[in-house]
2 protein chains.
Amino acid sequence: MSQTVDRALSILPLLAEGPADLGQVAERLGVHKSTALRLLRTLHEHGLVFRQSDQRYRLGARLFALAQEAVENLDVREIAHPHLLALNEKCGHTVHLAVYEEQEVLYIDKVESRYPVRMYSRIGKPVAITVAAVAKLLLSDFPEAERRAFAEKLDYPAYTSRSTPNAAAFLRELAQVREQGWATDLGGHEESINCVGAPIRGADGRVVAAMSMSAPNVVVTAEELLKLLPLVRRTAEAISREYSGAVPDARNAL
Amino acid sequence: MSQTVDRALSILPLLAEGPADLGQVAERLGVHKSTALRLLRTLHEHGLVFRQSDQRYRLGARLFALAQEAVENLDVREIAHPHLLALNEKCGHTVHLAVYEEQEVLYIDKVESRYPVRMYSRIGKPVAITVAAVAKLLLSDFPEAERRAFAEKLDYPAYTSRSTPNAAAFLRELAQVREQGWATDLGGHEESINCVGAPIRGADGRVVAAMSMSAPNVVVTAEELLKLLPLVRRTAEAISREYSGAVPDARNAL
DNA sequence: AATGAACGTTGCATATCTTGCAACGCATGC
DNA sequence: GCATGCGTTGCAAGATATGCAACGTTCATT
């Protein structure tokens with residue numbers, strides 16, 4: 001829509017791959033070096049790009065700060081956080097909070113397991129959308145037409161033998177999740193890791209976020225984790241109530 | 001340098017403060033609504049900006065992804081990470097890795113304490129530059145003139161009674177840190193939290209990063225934490241060696 | 001139900017701002 | 001000492017962003 005800005009912003013993903021010098025940037029943008037220079041300078045002034053000692057350009061620090069502030073201003077996150085902490089205190093497993101945004105589901109909060117075995121995930125990272133419990137919860141709330149259209153467009157990587165294999169299976173699972181009001185991921189992403197999750201709803205009943213509890217097999221079996229489902233659901237409901245405008249209630253904080 | 005891009009990028013920090021609608025953005029940019037609209041659209045196409053359900057604009061998901069990739073491509077980080085993990089395994093406290101960039105010191109990696117009491121910090125977040133052990137380490141390596149110039153420009157917030165009070169005190173401390181090759185922050189940022197840190201050097205001896213170990217008083221006293229200093233320094237040296245091109249050595253991995 | 005305000009959106013003519021070019025300075029290597 | 005490669009600058013040409021005015025919608029008000 002705006003050529004100049006478009007070009008400038010195209011530099012960012014390019015630099016995300018690794019540092020590059022002026023010539024490389026210009027070439028990949030398909031513009032003259034002087035043009036690339038001026039764009040980089042502007043990005044630099046705003047701190048989005050940084051010039052390292054060997055003169056090459058990198059993504060800059062301001063990017064972190066922005067991402068940071070963005071995540072901290074999410075009101076669901078703010079409300080949910082103490083609840084997630086409380087849940088973690090109670091059973092010690094990793095707790096995640098995720099939202100759907102622009103074709104992706106991404107973690108916006110995480111409380112680490114107290115057990116030494118940790119799973120890899122990071123706030124801001126898009127989740128494996130076809131298998132993650134939180135993704136199923138968020139997508140299950142879409143109107144059916146959108147759900148189907150979306151499911152068709154996805155890839156279904158076979159992370160493990162229990163990964164969702166295709167759109168049909170995914171849609172079936174979404175229907176079930178919608179029905180029952182909770183979701184699982186039993187070894188669908190990593191063979192040895194199970195999750196159970198529950199939706200967080202706004203005042204209008206729409207799912208605005210989803211939370212999950214994850215634990216590796218070596219710590220608790222899938223059955224044991226499922227026993228904790230009521231606790232997860234109660235937590236999600238407490239967050240939902242508070243998010244919908246109810247006063248924080250100490251009795252529900254658990 | 002490029003007006004259009006400049007305006008577009010100015011939108012980002014603005015939205016970092018919280019969601020805003022088109023009119024607000026246009027007003028704060030000092031441009032016509034239609035101009036703001038087109039800029040926002042371009043930002044949107046690149047995923048840096050996101051339109052939430054109430055039509056207002058927010059910072060978008062791509063921002064996280066970019067920040068993520070940026071941090072993961074840092075080669076110091078990649079090399080250091082296993083060492084940090086090993087150190088954490090060994091003594092259980094929070095371990096940080098930080099670099100200096102564009103007038104700021106920021107955490108680029110963190111391994112959480114295994115103790116229940118956690119400190120607040122986040123990857124990408126700028127540190128309290130006048131008190132943090134990692135900041136002292138990174139700045140102590142500056143040439144003296146720059147060090148002084150930089151120290152003069154800083155603010156010296158009194159986080160606690162033991163915070164660095166002014167430039168003179170800071171410069172004295174930097175000189176000492178430079179001399180001894182390690183640094184501490186004993187309650188300078190938060191009354192009850194102590195840190196000890198050591199520098200990571202490149203092949204040319206310059207400090208490229210700094211690491212620290214932090215623990216609250218309630219877990220270990222400052223004296224006990226200082227006893228762990230040799231361990232921290234050995235870890236930093238192992239990282240330095242590997243970063244300078246030495247082959248990873250299992251005997252140093254500790 | 002009707003009116004009005006507020007907001008986002010579009011097409012268009014103007015002129016501002018970006019662009020590519022060519023030339024320069026500087027370092028590095030042959 | 002010369003050549004090559006890189007980043008940088010000033011300038012003229014014209015592509016491109018801009019503000020305006022008008023339209024469509026939604027929402028609150030009377």
Closest to side chain of A:Ser34, choosing from C:dC17, D:dG19, C:dG20: C:dG20
Between A:Glu144 and A:Arg148, is there a side-chain N and carboxylate O pair less than 4.0 Å apart? yes
Just the rounded figure in Å: distance from C1' of D:dG7 to CZ of A:Arg51. 7 Å
Just how far, in rounded Å, is P of C:dC17 from CG of B:Asp6? 12 Å
At what distance, to the nearest 0.5 angstrom, does CG of B:Leu48 lie from CZ of B:Phe64? 11.5 Å
So how far off straight is the helix from C:dA1-D:dT30 to C:dC30-D:dG1, going by the axes through five pairs at either end, to 10°? 40°
Once you round it to whole Å, what is the distance between P of C:dG8 and CG of B:Asp54? 10 Å
A:Leu39 CG - D:dT16 P separation (whole Å): 13 Å
Considering only C:dG20, D:dG19, D:dG7, which nucleotide approaches the side chain of B:Arg38 most closely? D:dG19
Can you tell me how far C1' of D:dG19 sits from CG of B:Leu37, to the nearest Å? 13 Å
Quick one: is C:dT19 close enough that its OP1 or OP2 comes under 4.0 Å of any side-chain N or O from A:Arg7? yes
Salt bridge check, A:Asp204 against A:Arg206: does any charged N sit closer than 4.0 Å to a carboxylate O? no
By nearest-heavy-atom nucleotide on DNA chain D, the more 5' of B:Thr35 and A:Asp21 is A:Asp21
Take atom CD of A:Glu78 as the centre, draw a 6.0 Å sphere, and report whether it contains more than 12 heavy atoms from other residues, nucleotides or ligands. no
Against the side chain of B:Leu22, the closest entry in C:dT9, C:dT19, D:dT8 is C:dT9
Between D:dC6, D:dA17, C:dG20, which nucleotide gets closest to the side-chain atoms of A:Ser2? D:dA17
Could you state the interatomic distance from CD (B:Gln24) to CG (B:Leu14), rounded to the nearest 0.5 Å? 8.5 Å
Side-chain (B:Gln52) to main-chain (B:Asp54) donor-acceptor, under 3.5 angstrom: no
Taking NE2 from A:His32 and C1' from C:dC17, how many angstroms apart are they, rounded to a whole number? 18 Å
Rounded to whole Å, NZ of A:Lys33 lies from C1' of C:dT19 at a distance of 15 Å
By the 4.0 Å heavy-atom rule, please label A:Arg41 as base, sugar-phosphate, or nothing. sugar-phosphate
Just how far, in rounded Å, is C1' of C:dT19 from CG of A:Leu29? 13 Å
If you look at every strand shown and take non-hydrogen atoms under 4.0 Å, does A:Arg56 touch a base, only sugar-phosphate, or nothing? nothing
When we call it a touch if two heavy atoms are under 4.0 Å apart, what does A:Thr4 touch: a base, just sugar-phosphate, or nothing? sugar-phosphate
Anything under 30° is parallel, anything over 60° is perpendicular, the rest tilted; go ahead and classify A:His96 against A:Tyr107. parallel
